[in-house]
Amino acid sequence: MERRTIGAAALGVGAVGLGCMPMSWAYSGSQRRGDRSLRTVHAALDAGANLLDTADMYGPFTNELLLGRVLKERRADAFVSTKCGLLVGDGHVVANGRPGYVRRACDASLRRLQTDVIDLYQLHRADPEVPVEETWGAMADLVRAGKVRALGLCAVGARSTRRGAPDGGYEGTIRQLERIQQVFPVSAVEAELSVWSQEALVRLLPWCEARGVGFLAAMPLGSGYLTGTLTPGGGFEADDPRARHPRFTAEMMAANQPLVAGLRRVAARHGEDVTPAQVALAWVLSRGPHVIPIPGAKRERWAVENARAAGLALDGADLAEIAALPAPRGSWD
Ligand SMILES: NC(=O)c1ccc[n+]([C@@H]2O[C@H](COP(=O)([O-])OP(=O)(O)OC[C@H]3O[C@@H](n4cnc5c(N)ncnc54)[C@H](OP(=O)(O)O)[C@@H]3O)[C@@H](O)[C@H]2O)c1
């Protein structure tokens with residue numbers, strides 16, 4: 001697989017990674033199976049998709065424990081990205097950016113992951129009660145202590161503030177990034193980016209590109225919609241957040257079918273076995289050499305299919321066709 005680099009430290013990773021969240025968190029719990037997830041992680045590594053993206057809160061904790069079982073055997077094959085700063089309790093998620101907590105969280109992640117170093121340690125969300133420089137300073141100390149190789153910041157929370165904003169809604173994140181860069185280099189930013197969620201292209205992605213910061217594209221498949229495998233009106237299980245998501249109502253899923261149809265047309269031009277999911281990922285890859293999509297998958301089959309997207313090059317006609325697709329319908333909040 002093509003390699004891409006993350007941050008000033010030029011850490012090499014496969015161009016397509018693996019989002020491990022669906023194995024333990026979000027979407028429907030009834031579909032999660034540890035044995036299948038283990039096979040999926042191994043298959044991704046075999047295919048060169050070595051960036052494994054997790055977080056202590058996925059589960060909580062069980063996603064890191066799962067990855068620990070793989071890393072114990074195959075540490076050299078993997079690039080592990082995990083996150084701290086969000087705690088799950090009583091159905092609520094709260095931020096904690098206090099330095100003492102960050103230190104304890106890192107040690108606990110190292111134990112669960114069965115490794116002595118985390119390749120990329122990300123701040124999941126800044127704590128409004130703690131100056132972000134303080135949290136970041138504690139994370140920088142973890143690099144100095146050899147427990148972490150590089151630092152990243154997640155910006156997915158910008159979703160709720162960006163609606164209609166001309167700057168894509170990431171201005172607050174960029175201000176945070178400017179502040180923490182004074183404390184210790186940012187190697188990666190993780191934020192949502194897909195054919196139907198392009199706000200990061202306005203300011204956030206160029207900010208990263210100009211500074212040699214890697215960009216981990218979360219939800220590159222539009223939470224599965226862009227793969228064309230979800231049926232409008234098919235319904236989601238009650239514990240799946242898409243059951244209450246305005247863009248996943250039967251009406252909006254039907255209204256957005258032209259997006260999937262466009263991806264399908266492009267896929268067909270590249271061969272019978274090319275899928276809309278692969279085109280969606282190839283589009284994300286085409287946004288810049290510093291962009292690494294991290295598609296989530298529980299199934300081995302999807303992980304292998306997604307890894308193969310690294311070899312799919314879209315041409316000018318493909319990109320023009322995707323650019324001309326209608327804007328998605330339905331609020332993304
Ligand atoms: N930093 C943050 O705050 C944040 C927020 C959200 C996500 N993330 C990260 O980003 C990763 C990706 O986001 P995501 O998992 O929410 O959304 P996604 O990658 O857009 O979509 C994942 C969904 O698509 C399905 N899928 C994957 N490949 C497929 C294929 N080739 N064909 C058909 N269906 C396919 C998966 O099904 P199965 O699971 O059933 O296999 C899963 O339900 C996460 O895993 C997580 O690591 C980070």
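Residue numbers run from 1 in the order of the sequence given. Please read these numbers as outputs of a predicted model, since none were measured by experiment. Read the numbers this way: they start at 1 and go in the same order the structure lists the ligands and their atoms.
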Closest to [atom] (judged by heavy-atom distance), picking from [options]:
| atom | options | value |
| --- | --- | --- |
| atom 38 (P) of ligand 1 | Arg301, Lys298, Met219 | Lys298 |
| atom 43 (O) of ligand 1 | Arg242, Arg32, Gln31 | Arg242 |
| atom 35 (C) of ligand 1 | Trp196, Trp25, Trp302 | Trp302 |

Looking only at distances, please establish whether an N/O atom of ligand 1 is found under 3.5 Å from an N/O atom of [X].
| X | answer |
| --- | --- |
| Ala218 | no |
| Leu221 | yes |
| Gly296 | yes |
| Lys83 | no |
| Ala277 | no |
| Pro22 | no |
| Gly224 | yes |

Any donor-acceptor pair under 3.5 Å linking the side-chain atoms of Thr135 with those of Tyr101? no
Side chains of Ser109 and Glu64, donor plus acceptor under 3.5 Å: yes
With a 4.0 Å cut-off on heavy atoms, does [X] reach ligand 1?
| X | result |
| --- | --- |
| Ala26 | no |
| His124 | yes |
| Arg125 | yes |
| Tyr225 | no |

Angle class for the Tyr58/His124 ring planes (parallel below 30°, perpendicular above 60°, tilted otherwise)?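 Geometry flag for His124 against Tyr58: perpendicular rings.
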Determine whether a donor-acceptor pair (N or O, by modelled atom type, separation under 3.5 Å) exists between the side chain of [X] and the backbone of [Y].
| X | Y | answer |
| --- | --- | --- |
| Asp107 | Arg104 | no |
| Glu209 | His290 | no |
| Thr227 | Gly224 | yes |
| Arg4 | Leu285 | yes |

Which atoms from ligand 1 have a heavy atom of [X] less than 4.0 Å away?
| X | result |
| --- | --- |
| Asp53 | 9 (C), 46 (C), 47 (O) |
| Glu190 | 1 (N), 2 (C), 4 (C), 8 (N), 9 (C), 48 (C) |
| Cys20 | 45 (O), 47 (O) |
| Ala297 | 39 (O), 41 (O) |

Looking at CG of Asp315 and NE2 of His270, how far apart are the two atoms once the value is rounded to the nearest 0.5 Å?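 With rounding to 0.5 Å, CG (Asp315) is 5.5 Å from NE2 (His270).
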